[in-house]
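All values below were derived from every heavy atom in this structure, side-chain atoms included, with hydrogens, water molecules and symmetry-related copies excluded.
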Amino acid sequence: MDEEIKKIVKELFDIDVAPSVSIPEEQFGDVATNVAMQLAKQLGQNPRDIADQIATKLQNAPFVSEVSVAGPGFINIKLTDASLIEQAYSAPKKILEGKKVLVEYSDPNPFKPLHAGHLYTTLVGDVLARLVQNAGAETIRLNFGGDVGMHVGKTMWAVVKTLGGEDAAAVQALPVDTLGEWMGARYVEGNNAYEDDEQAQAEIREVNKHVYQLHNDNDHESTFAQIYWYLRDQSYEFFKKLYTELQVVEFDRFMPESEVANPGLEAVKAHIGDVFTESEGAVIFEGEQYGLHTRVFINKEGLPTYEAKDVGLSLTKWNDYHFDESIIITATEQAQYMEVVIKAIEQFAPEPAHKTRHLTHGVVKLSGGVKMSSRKGNILSAFDILQAARDAGEISGQATQENVMLAAVKYALVKNRLGGDVVYDPKESIATEGNSGPYLQYAHARARSILRKSETRNSKLETNQKLEHGERTLVRKMAEYSSAVELATRELAPHHICTYLYELAQTFNRFYENNKVIGDDREAIRLSLVTLYTDILKKGLTLLGITAPEKM
RNA sequence: GCCCCGGUAGCUCAGCGGAUUAGAGCAAUGGGCUUCUAUCCCACAGGUCGGGGGUUCGAUUCCCUCCCGGGGUACCA
């Protein structure tokens, strides 16, 4: 459509425009454009006159059935049924065909509790990766994680203290299914001690160094190393179990910090003087020159901070994949931090820096305002969210099926625009009424049951088929699928898919209410529409990582 | 202090340069099942789009400023 308008404007006025087109309310037409207003100033003409000229030309376009000019110069276009049908059957454009795209998300830290935020990035990241893959990109899913660093020092310090010494056998004897919580509790102890007790702080710093040393020496033998590797492996097992439970696509690669710490350290050291500077015994990047914060990349102990590790991560990604685009999604609290890191990298490796896109998401809160204290360690965990959804399902009736529970959680977390905080309401998320995952699942199951019951043979709709009003409304909505997916992909904004699918399901449910399928004169035609609808709904849900059940 | 993100109906959120009624859902009120799954649908109600300026033919949308909430601001991640 916009191509056609562009062509006409070029012919009429010899101007290149990117016309903004939108989908108006159905009563006005199928497509609307305000291109006449865009041009009015440039041409020094009345927008209404410009609109009339364009409208006249547009009238002759093959896919247009009616054109009208409204208000100050809006052009409302009604499309032919044939073009709507064709559009409804068309797949989204492969806008990333031939591109190699890295998507980094989830990023849980071994030795630390898995909080609700990890669940959020895991699910949103999974959808983002599905979107870029669906758009034709060679997609590589990466998972970064801190298996070295201060938090590990804190946990390991408390572990040794709790065990009353370096006792590998004692750690291995701990019950495996509660080991995650056990480590979480140790992290909290270590963290509190670090803040309150200078003696402990010094000890923790030593433990931290010890952990780095262990990696450099490739030490798997010492008792300390045995404890470390056991807990690290168990952490990763635990994460993998969660991913399986969540039914997210498998990661292509885990990139623990220990792997990228040294490359990062070396890169930073190699650029002391031209990019980084030494200050108070540390190595910093003076972000202030660029209106950003100044940050420490190597601390005075000579250890890489998270900054240097992120440098190492970026360079490793670049060297190993030579990507066209690298997407990273983390919490908003890292937004300005990441800007500094990328700016620093840009100074000596501009290409990967320019091709990196950092997305951020807000905090997940449980509605009802449960008080959380990170100090006590009663943070909202990933499992709390899942359990809250299950519990809410129990209340409203039969035991919640796992795939409905997942649909509820995934949809609730993805339906909001990225950036703001999410208030998770378990009851609302699991309800089959309202804008929820289960509503869409039910909408799918309901439509599928029509197809099961009909004995008429079902075929693709002919484009020359004349549509009745209710049918046309449904087709018109189905025709929007591709542009919704393209928009979500281009903007890396998965919530657009949710908004669209919900509108689609509502449109269908209205159609279902007013139009009989089985036994109607138009059964064959309507069956084709229902088939197309269930296909689109299922494809959309699949992009969200949500199952489309046959029955509910 | 400076910087980033947010503030749209009672609640949770879409919309982020356009008109004709600023849209949904939940909650509230009133309807619709002998009929393809009523886990659904319909109706009605609910808004100085945080305040104030500005740009524009036109601002919830762009710019400035202030207020409120969250986050960041050198050796945590």
Anti/syn call for B:rC67, syn if |chi| within 90°: anti
Touch class at under 4.0 angstrom, heavy-atom based, for A:Ser279 against every strand present: base
Presence of donor-acceptor pair under 3.5 Å, side chain of A:Glu513 and base of B:rG32: yes
Assigned partner base of B:rU73, Watson-Crick or wobble definition, under 3.5 Å: B:rG1
Length of the line joining A:Lys309:NZ and B:rA77:C1', which is rounded to integer Å: 8 Å
Spacing of the C1' atoms in B:rC57 and B:rC67 (rounded, Å): 32 Å
A:Tyr500 side chain to A:Lys477 backbone, donor-acceptor under 3.5 Å: yes
Touch class at under 4.0 angstrom, heavy-atom based, for A:Arg205 against every strand present: sugar-phosphate
Between A:His271 and A:Phe276, ring centroids under 6.0 Å: no
Sugar-phosphate, base or nothing in reach of A:Asp310, heavy atoms under 4.0 Å: nothing
Heavy-atom protein contacts under 4.0 Å, nucleotides 7-19 of chain B, coded B base, S sugar-phosphate only, - none: -----SSSSB-BB
A:Lys516 bridged to A:Glu523 by N-O distance under 4.0 Å: no
d(CG, A:Asn191; P, B:rA77) in whole Å: 12 Å
Closest listed nucleotide, where the reference is the side chain of A:Tyr512 and the choices are B:rC36, B:rG25, B:rC3: B:rC36
Selected nucleotide, minimal atom distance to A:Tyr502 side chain, candidates B:rC42, B:rU21, B:rG25: B:rG25
Per A:Ile518 side chain, nearest of listed nucleotides B:rC36, B:rC76, B:rA74: B:rC36
B:rC64 versus B:rA27 - spacing of their P atoms, nearest Å: 41 Å
For A:His444, all residues meeting ring pair (Phe, Tyr, Trp, His ring centres under 6.0 Å), sequence neighbours excluded: none
Gap in Å between the two C1' atoms, one belonging to B:rA9 and one to B:rA24, rounded: 11 Å
Closest-nucleotide 5' rank along RNA chain B - winner of A:Asn515 and A:Glu25: A:Glu25
Set of salt bridge (Lys or Arg N to Asp or Glu O under 4.0 Å) partners for A:Asp30, sequence neighbours left out: A:Arg472, A:Arg476
Proximity to the side chain of A:Asn299 - top-ranked nucleotide from B:rC41, B:rC76, B:rA77: B:rC76
Gap in Å between the two C1' atoms, one belonging to B:rG25 and one to B:rC66, rounded: 33 Å
Touch class at under 4.0 angstrom, heavy-atom based, for A:Lys365 against every strand present: nothing
Contact summary for A:Ile497 and A:Ala484, nearest pair of heavy atoms: CD1-O, 4.5 Å
Touch class at under 4.0 angstrom, heavy-atom based, for A:Lys300 against every strand present: base
A:Glu346 with A:Lys343: basic N within carboxylate O range, under 4.0 Å: yes
Phosphate OP1/OP2 of B:rC5 contacted by A:Tyr337 side-chain N/O (<4.0 Å): no
RNA chain B contacts among residues 145-152 of chain A, heavy-atom distance under 4.0 Å: A:Gly149, A:Met150, A:His151
Protein-nucleotide distance (A:Met552, atom CE; B:rA38, atom P), rounded to Å: 14 Å
Polar side-chain contact A:Gln27-B:rU21 base: donor and acceptor under 3.5 Å: yes
Along RNA chain B (nearest heavy atom to each residue), the more 5'-positioned of A:Glu280 and A:Ala335: A:Ala335
Watson-Crick or G-U wobble partner of B:rA43, both distances under 3.5 Å: B:rU29
Members of residues 260-268 of chain A that approach RNA chain B, where some heavy atom sits under 4.0 Å away: none
Nearest-Å distance for atom pair CD/P, residues A:Glu433 and B:rA38: 15 Å
Interatomic distance at C1', B:rU60 relative to B:rU8, whole Å: 7 Å
B:rC11 and B:rU55, which share atom name P, separated by this distance in whole Å: 34 Å
Atom C1', compared across B:rG50 and B:rA59: separation rounded to whole Å: 16 Å
Sugar-phosphate, base or nothing in reach of A:Ala445, heavy atoms under 4.0 Å: base
Partner residues of A:Tyr411 under the ring pair (Phe, Tyr, Trp, His ring centres under 6.0 Å) criterion, sequence neighbours left out: none
Sugar-phosphate, base or nothing in reach of A:Asp107, heavy atoms under 4.0 Å: nothing
Assigned partner base of B:rU56, Watson-Crick or wobble definition, under 3.5 Å: none
Ionic contact status for A:Arg186 with A:Glu189, cut-off 4.0 Å: yes
Aromatic centroids of A:Phe254 and A:Phe239 separated by under 6.0 Å: no
Phosphate OP1/OP2 of B:rC4: any A:Gln334 side-chain N/O under 4.0 Å: no
Residue pair A:Asp147 / A:Ser258, side-chain donor-acceptor N/O under 3.5 Å: yes
Distance, C1' atom - from B:rC49 to B:rG15, rounded to whole angstrom: 10 Å
Protein-nucleotide distance (A:Phe508, atom CZ; B:rA38, atom P), rounded to Å: 11 Å
B:rG6 - base-pair partner by Watson-Crick or wobble geometry, distances under 3.5 Å: B:rC68
Step-by-step salt bridge (Lys or Arg N to Asp or Glu O under 4.0 Å) determination, A:Glu280 to A:Lys300: CA-CA 8 Å; A:Glu280 297 170 33; A:Lys300 61 174 76 158; over 6 Å; no
Test item: A:Asn76 side-chain N/O and A:Gly29 main-chain N/O as donor-acceptor pair under 3.5 Å: no
Among B:rC36, B:rA38, B:rG71, the one nearest A:Val517 by side-chain distance: B:rC36
For atom CD1 of A:Ile450 and atom P of B:rA38, their distance in whole Å: 10 Å
Touch class at under 4.0 angstrom, heavy-atom based, for A:Glu339 against every strand present: nothing
Ion pair A:Arg522/A:Glu468, N-O distance below 4.0 Å: yes
A:Glu286 and A:Thr294 side chains, donor-acceptor separation under 3.5 Å: no
NZ/NE/NH1/NH2 to OD/OE distance under 4.0 Å, A:Lys269 and A:Glu266: no
Rounded interatomic separation in angstrom, taking NZ from A:Lys154 and P from B:rC76: 8 Å
B:rC76 OP1/OP2 closer than 4.0 Å to side-chain N/O of A:Tyr194: yes
A:Arg448 CZ to B:rU39 P, straight-line distance once rounded to whole Å: 20 Å
